[in-house]
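Computed from heavy atoms alone, side chains included, the values below leave out hydrogens, waters and symmetry copies. Throughout, residue positions are numbered sequentially from 1 according to the sequence presented. Ligands are counted one by one from 1 in listed order, and the atoms in each one are counted from 1 as well.
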Amino acid sequence: MSLGGTAAAAGVASRIHVLGAGAVGLLFAAHLRQSGYPVTLYLRSQDSVDRFSQSGAQIGVVNDWIRSHPTRKLLLSGGPSASIAPWTATDVQAEAPSGNSSSPEKIRRLVLATKAQDTLQAYWSVKSRLCSQSTVVLLQNGMGMYEAIQREFYPSPHQYQKETAADIPTFVIGTNSHGCLRTPVEGEEFVTHHTAVGSCQFAIRPSLLNPPPSLPQSALDILTALGSTGLDATVTNWSDLHHRLLLKLAANATINPVTALADCRNGYLAPPPPNSSSQCTDQGYYESMQSYMSSACAEISAIYARAHPHLHGELTAQAIEDYVLHISRTTSRNRSSMLQDVSSGRQTEVEWINGYLVRLGKQHGVPTPVNTLLYTLVKLKEAASHHSA
Ligand code: KPL
């Protein structure tokens, strides 16, 4: 299902909060605002809100993809006559969690776009402002965030039946393949570079409540809003999205650690197409990359076969490898998010990517030597970069 139409066309303009002012959060916030939705950036602290106001209360989007993919212009702009500027600045509001005890207004539509490792803390900061009429979109790399939120904040089913049920929002899970990054340039804290055009898919996560509650209006509002952004967003059912999330997890588990460890761009993992002026002409290099890809994808496929047997026919080692190579080629100029994290001395999402696969393998009795090694090496690199940053 493809959702379209602008807020103005739909005759509604429901406010959307975006929590997580990183590259992805800023990209979505700016595009939602440009589609006519009032947007509030929910920032970490009043200091961040003050810095945002001082920088002009605007989100900057640098459309770097225009230089490398001019033909994608029509897709993103949604029509032959529309054109996208290389640089746009969009006004949005900002607020931070308030320390005062008076209960502030509930948030009905929230896009939570923090890094995986910051998600629980971010959710905690906003939880008292959510209710059963709210919808939360989780937009992280990796897997397991939804389950972690349930375990941490809504732990036991009997509580669901009583007071807690009134507080549990509807969850939408999203997956995004648009490449974007923020540069550590002074004065550009609220500027995101849109480096590669991708797409995004969203699905409503079936509720753990029994009986399941009816969908709040906010779920429909936010899905319509996301569909209007021009970010090639589609809404699908949970089982289709789950399949896509598992493929994306495989891409993140193979591309991200290697690019972070070797300090290279995503394209270095895929053999160059024939007759291209390749980034590297060393045949031995591509043979070892090929062997790495095959063993990593075979291991991931074996884990999925035990954990999700109904999907096994689709998630074969070959299907996973084809997908990973496709992502490596289509995002070849990208510096992966894990590479960006280690380069800036930040914690990476490895716990929710290779760490998640190692835990899943253990749970289902599947050995995970490749993922364990990648996990350990990234942790080592993280510690080293943290100390030298
Ligand atoms: O999602 C990504 C990431 O960097 O985290 C990929 C798909 C690898 C694109 O860079």
Please enumerate all residues that pass side-chain hydrogen bond (donor to acceptor under 3.5 Å, both in side chains) together with Gln93, with sequence neighbours excluded.
none

Tell me every residue that passes side-chain hydrogen bond (donor to acceptor under 3.5 Å, both in side chains) with His193, counting only those two or more places apart in sequence or in another chain.
Asp64

Answer yes or no: is there an ion pair linking Asp341 with Lys115, defined by an N-O contact shorter than 4.0 Å?
yes

State which residues pass side-chain hydrogen bond (donor to acceptor under 3.5 Å, both in side chains) with Thr170; sequence neighbours excluded, sorted by chain then number.
none

Pocket residues of ligand 1, ordered first by chain and then by residue number (heavy-atom cut-off under 4.0 Å):
Asn141, Lys248, Asn252, Asn256, Asn266, Ile327, Asn334, Ser336, Ser337

Ser294 side-chain N/O to Gln290 backbone N/O, donor-acceptor pair under 3.5 Å
yes

Flag side-chain contact, heavy atom, 4.5 Å: Arg333 against Thr195:
no

